[in-house]
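Here the structure is laid out as structure tokens; the discussion comes afterwards.
Computed from a predicted structure; not experimentally measured.
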2 protein chains.
Amino acid sequence: MPVKDNYKDLLNFRNLKSTKQRNAILEELESSVRPLTAEDLFLNLKEKNISISMSTVYRVLDTLVKNGIAQQTSLPQTNKAFYELKQKEHHHHLICIKCEKMLHLDGCPLNDYVKQLEKQSGFSIEGHTLEIYGYCDKCKPED
Amino acid sequence: MPVKDNYKDLLNFRNLKSTKQRNAILEELESSVRPLTAEDLFLNLKEKNISISMSTVYRVLDTLVKNGIAQQTSLPQTNKAFYELKQKEHHHHLICIKCEKMLHLDGCPLNDYVKQLEKQSGFSIEGHTLEIYGYCDKCKPED
DNA sequence: ATGCAAATGCGAATTATTCCTATTTGGAGG
DNA sequence: CCTCCAAATAGGAATAATTCGCATTTGCAT
């Protein structure tokens, strides 16, 4: 099944060459249900015998972010960056502190708040980070 | 003026010893209008001829966070941690991407949202991170 | 004043990420 | 299809932020 294993058009449209590594990273990101770290991507691709180096992973991610194709998320209590494809719709995550399960939340509760804040603060607001965390039903501490 | 230069009670209450370094860090955090990094604290204290090492800064911050005295914030597009005293009231920041100015926002727009989410998701929600960023009026790009 | 658990200092180790340079490669143009 | 070159990659060294291990010091209960 020759699925969308090639992202040539998407890349060329932004004057980016279609390379094995970029295609592979896009494929990983697209097929993942959760944001991935640079290391996740590196290991996943190694696993599939796709040759790639960490510096390339970082450079590709950076390029994708700069071109609006991917976006970076950083989670509380970690100091590494997670990446995912930019969705049609802006959204946030609900994360389990214990098992790291990550639920995709529909919509954003902040649209109105941000608009109002922009007016009253004089800032030109570019974005926001929001991640909600806790324990999923399986990981809830007994009490 | 013998201001509150000693946090003995606050510390002892949590079974923490009152040390020169801990007092100094608490004082710095209390007198700062914005969250500080471990390095900020280290340099500020050096400046005041208070002997301290980076590992102590990190250890103290960690202890303060674990004891609910301070809290960690991490800003978009940086990969270092910022710390501030835990305020009476939970709040967020509005940050200028360019000059790093940081405004303290009153209240939290998410209280209801989180309550509702907790009900419908089955998670036991422990908290959330929210930082809003953009350009302050002085740093707005011309157009 | 004494003793000991707790806290600190210092440097080495780890982790995440960026940078440098030589080599390879996609794809435009002949 | 060849050729060519700017763009992309590999590999490893460098940097930045943070953590760790262990010897020494210090707060504070007695």
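- Side-chain contact of A/E30 with A/Y7: a donor-acceptor pair under 3.5 Å is present, judged by distance alone.
- Look at CG on B/N15: it is 12 Å from P on D/dC28, rounded to the nearest Å.
- Taking for each of B/Q72 and A/K17 the nucleotide of DNA chain D with the nearest heavy atom, the 5'-most of the two is the partner of A/K17.
- When rounded to the nearest whole Å, the span between CD1 of A/I25 and C1' of D/dA10 equals 13 Å.
- Residue A/Q21 has no polar side-chain atom (N or O) positioned under 4.0 Å from OP1 or OP2 of C/dT25.
- Taking only side-chain nitrogens and oxygens, A/S53 comes nearer than 4.0 Å to OP1 or OP2 of D/dA10.
- Among the heavy atoms of the strands lying under 4.0 Å from B/S18 are primed sugar atoms or P, OP1, OP2 only; no base atom is included.
- Counting any heavy atom pair closer than 4.0 Å across all strands shown, B/D62 reaches no nucleic acid atom.
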Evaluation steps, side-chain contact (heavy atoms from CB on, under 4.5 Å), between B/L36 and B/Y83: CA-CA 5 Å; B/L36 300 172; B/Y83 297 84; 5.8 Å; no
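- One atom, CE of A/M54, and another, P of D/dA13, lie 16 Å apart when rounded to the nearest Å.
- At a cut-off of 3.5 angstrom, counting only N and O atoms as typed in the model, there is no donor on one side facing an acceptor on the other between the side-chain of A/R22 and the base of C/dG26.
- Atom CG in B/N79 sits about 11 Å away from atom P in C/dC19, given to the nearest Å.
- Taking side-chain N and O atoms only, B/Y58 has a distance below 4.0 Å to OP1 or OP2 of D/dT18.
- Candidate nucleotides D/dC28, C/dA16, C/dG9 were compared by shortest atom distance to the side chain of B/S51, and C/dG9 ranks first.
- Using a 3.5 Å distance cut-off with no hydrogens or angles, the side chains of B/S18 and B/N12 do not pair a donor with an acceptor.
- The closest side-chain heavy-atom distance from A/I132 to A/L130 is below 4.5 Å.
- For the pair A/K80 and C/dA16, the criterion of a side-chain N or O lying under 4.0 Å from OP1 or OP2 is met.
- Residue A/T19 places at least one side-chain N or O closer than 4.0 Å to OP1 or OP2 of D/dT9.
- The side chain of A/N12 contributes an N or O atom lying less than 4.0 Å from OP1 or OP2 of C/dG27.
- One can place CG of A/N23 at 13 Å from P of D/dA8, the figure rounded to the nearest angstrom.
- Among D/dA10, C/dG9, C/dG27, the nucleotide with an atom closest to any side-chain atom of A/I52 is D/dA10.
- Residue A/K20 contributes atom NZ, which lies 8 Å from atom P of C/dG26 at whole-angstrom precision.
- Look at CG on B/L16: it is 11 Å from P on C/dA6, rounded to the nearest Å.
- Between B/H91 and B/H104, the angle of the ring planes stays under 30°, which puts this pair in the parallel group of the 30/60° scheme.
- Distances were taken from every side-chain heavy atom of A/R59 (C-beta onward) to each of C/dA7, D/dT9, D/dA6; the shortest belongs to D/dT9.
- Between the base of C/dC10 and the side chain of B/S55 there is a donor-acceptor pair shorter than 3.5 Å.
- Contact check for A/M102 versus A/C96: no side-chain heavy atoms found under the 4.5 Å cut-off.
- For the pair B/L11 CG and C/dT8 P, the interatomic distance rounds to 10 Å; values are reported in whole Å.
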